[in-house]
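Quick note: residue numbers are just sequence positions, from 1.
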Amino acid sequence: MQQKILEIKNLSKSYGETVALANFSLDLGKGEVLGLLGPNGAGKTTLISILSGTLRGFSGGVAFKGQDLFADRNLRNLIGIVPQEMAFYEELNAMENLMFWGGLYAIPEKELKKRAQELLTVVELGARAREPIKKFSGGMKRRLNIAIGLIHKPELLLLDEPTVGIDVQAKVSILDIIRDVGRQGTAVVFTTHQLAEVEQACSRIAIMDKGTILAQGTLAELIRIVGEKEIVEVSGEFSADAFSAIIRQSDGNGMEILSVADNQAHLAFADSQAIPAMMQHLFGHHLPISDLKIKSPNLEAVFLKMTGRSLRD
Ligand SMILES: Nc1ncnc2c1ncn2[C@@H]1O[C@H](COP(=O)(O)OP(=O)(O)OP(=O)(O)O)[C@@H](O)[C@H]1O
Ligand SMILES: [Mg+2]
């Protein structure tokens, strides 16, 4: 790995009985773009909140550029945050917002103005800088949120679900911005529920659930976890229990169960020749199947294998 910028060691955080982070550990190199993939409640926002200094009462440690992140406020000023809930003033225009948020970092005004103009161009809002934000679309607001996170030239940018609630085109543009930020040398961690996003924008992917990392690596490395298998997605009007009961009565033939939920299950076959016999077995037991898909190993299969559940909301 490149020079390390962030080293998270055994971070744990509970809210009463609820464990949000459980011995969460992760390293990040300079300029690396890490996609943190996890379903609802996995602990993503909790992690980002701790790193941004807004959440306390945890155990474990975080080193930023080799120093204790929580010992020195100045270190936190080298981190940019793009929160899940958008943070800016609707009454101000985009330029005014950047000037306001940048003003919190004691950047000389002339320099700040230049930086704000540059960033508005980066996030494709240059022509809309003087319009009230109230008139912005969801995607435009998200892009402004990113510009605010970058105003003080952070060395690490943390984005919590930066693409939620916007259309496909706006998503692509945000992913492009994130990738470019990484290319400029800023390390990036962004959280998402979307498999396709991490495939597009990240140099490394971490899969987390229940407050801990279950697997991490490049896309190719992660796919190797599933191995050379055919993935069969079975959908229909069945319960998880009914599916499991029928599957238990088969001899399996080297089949692996990746996930079983109501209405959908995923199976992995090392030998594709075993697929027809299994399908016959399922149909023979009158499992109400409406759709079958055969897929090559992909990130979704890795996710299913590691968490036993799908990423959908
Ligand atoms: N303020 C809180 N009080 C009590 N429990 C909380 C609080 N914030 C989070 N939790 C719980 O901690 C766990 C992790 O929540 P967190 O918000 O970090 O997950 P997440 O991965 O960001 O989820 P999402 O994808 O829905 O944003 C969940 O079980 C959640 O219910
Ligand atoms: Mg969250």
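In this structure the side chain of L75 reaches within 4.5 angstrom of the side chain of Q67, judged on heavy atoms. Side-chain contact between P154 and L150 is present, with heavy atoms from C-beta onward closer than 4.5 Å. Under the 4.5 Å side-chain criterion, counting only non-hydrogen atoms from C-beta, L158 is not in contact with V82. N10 is not listed as a side-chain neighbour of F24, based on a closest heavy-atom distance of 4.5 Å or more. Looking at D209 and P39, their side chains come closer than 4.5 Å, going by heavy atoms from C-beta outward. In this structure the side chain of D27 never reaches within 4.5 angstrom of the side chain of L6, judged on heavy atoms. By the 4.5 Å heavy-atom criterion applied to side chains, L159 and N145 are not counted as neighbours.
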Check residues 210-222 and write down every donor-acceptor pair under 3.5 Å in which the side-chain atom is one partner and the other belongs to a residue at least two apart or another chain.
| from | atom 1 | to | atom 2 | distance (Å) |
| --- | --- | --- | --- | --- |
| T212 | OG1 | A22 | O | 3.3 |
| Q216 | OE1 | R204 | NH1 | 2.3 |
| T218 | OG1 | E221 | N | 3.2 |
| E221 | OE1 | T218 | N | 2.9 |

Pairs under 3.5 angstrom only: tabulate donor-acceptor contacts from the side chains of residues 232-242 to other protein residues two or more places apart or in another chain.
| from | atom 1 | to | atom 2 | distance (Å) |
| --- | --- | --- | --- | --- |
| E233 | OE1 | H266 | NE2 | 3.0 |
| E233 | OE1 | K295 | NZ | 2.8 |
| E233 | OE2 | Q264 | NE2 | 3.2 |
| S235 | OG | Q264 | NE2 | 3.1 |
| S239 | OG | A242 | N | 3.0 |

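Using a 4.0 Å cut-off between a side-chain N of Lys or Arg and a carboxylate O of Asp or Glu, K30 and E155 do not qualify as a salt bridge. Contact check on E90 versus K141 returns a salt bridge, with a Lys/Arg side-chain nitrogen under 4.0 Å from an Asp/Glu carboxylate oxygen.
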- Task: Dump the intermediate steps for side chain to side chain donor-acceptor pair (under 3.5 Å) on D160 and T191, then the final yes or no.
- Result: CA-CA 5 Å; D160 198 3; T191 73; 2.6 Å; yes

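Not one N or O on the side chain of H193 forms a donor-acceptor pair closer than 3.5 Å with the backbone of E161. At distances below 3.5 Å, at least one donor-acceptor pair connects side-chain atoms of T192 with backbone N or O atoms of Q194. Side chain of S259 to main chain of L304: no donor-acceptor pair is present (N/O by atom type, distance under 3.5 Å, no hydrogens or angles). Distance alone, capped at 3.5 Å, places no donor-acceptor pair between the N93 side chain and the P132 backbone.
Between F58 and F70, a ring centre-to-centre spacing shorter than 6.0 Å is recorded.
At a cut-off of 3.5 Å, with distance as the only test, a side-chain donor of Q84 or T45 sits close to an acceptor on the other residue.
Sequence neighbours left out, the pairs with a member in residues 120-132 that pass salt bridge (Lys or Arg N to Asp or Glu O under 4.0 Å) are R128-E131. Annotation: ring pair (Phe, Tyr, Trp, His ring centres under 6.0 Å) contacts involving residues 139-182, sequence neighbours excluded, comprise Y105-H152.
By the 6.0 Å and 45° rule, K13 stacks over the aromatic ring of Y15.
Not counting sequence neighbours, the partners of E118 by the salt bridge (Lys or Arg N to Asp or Glu O under 4.0 Å) test are K114. Under the salt bridge (Lys or Arg N to Asp or Glu O under 4.0 Å) criterion, E197 pairs with no residue at all, not counting sequence neighbours.
In plain terms, the two heavy atoms of A129 and L120 that are nearest each other are CB-CD1, 3.6 Å.
Annotation for Q117: atom CD counts as buried by contact number, over 12 foreign heavy atoms lying within 6.0 Å.
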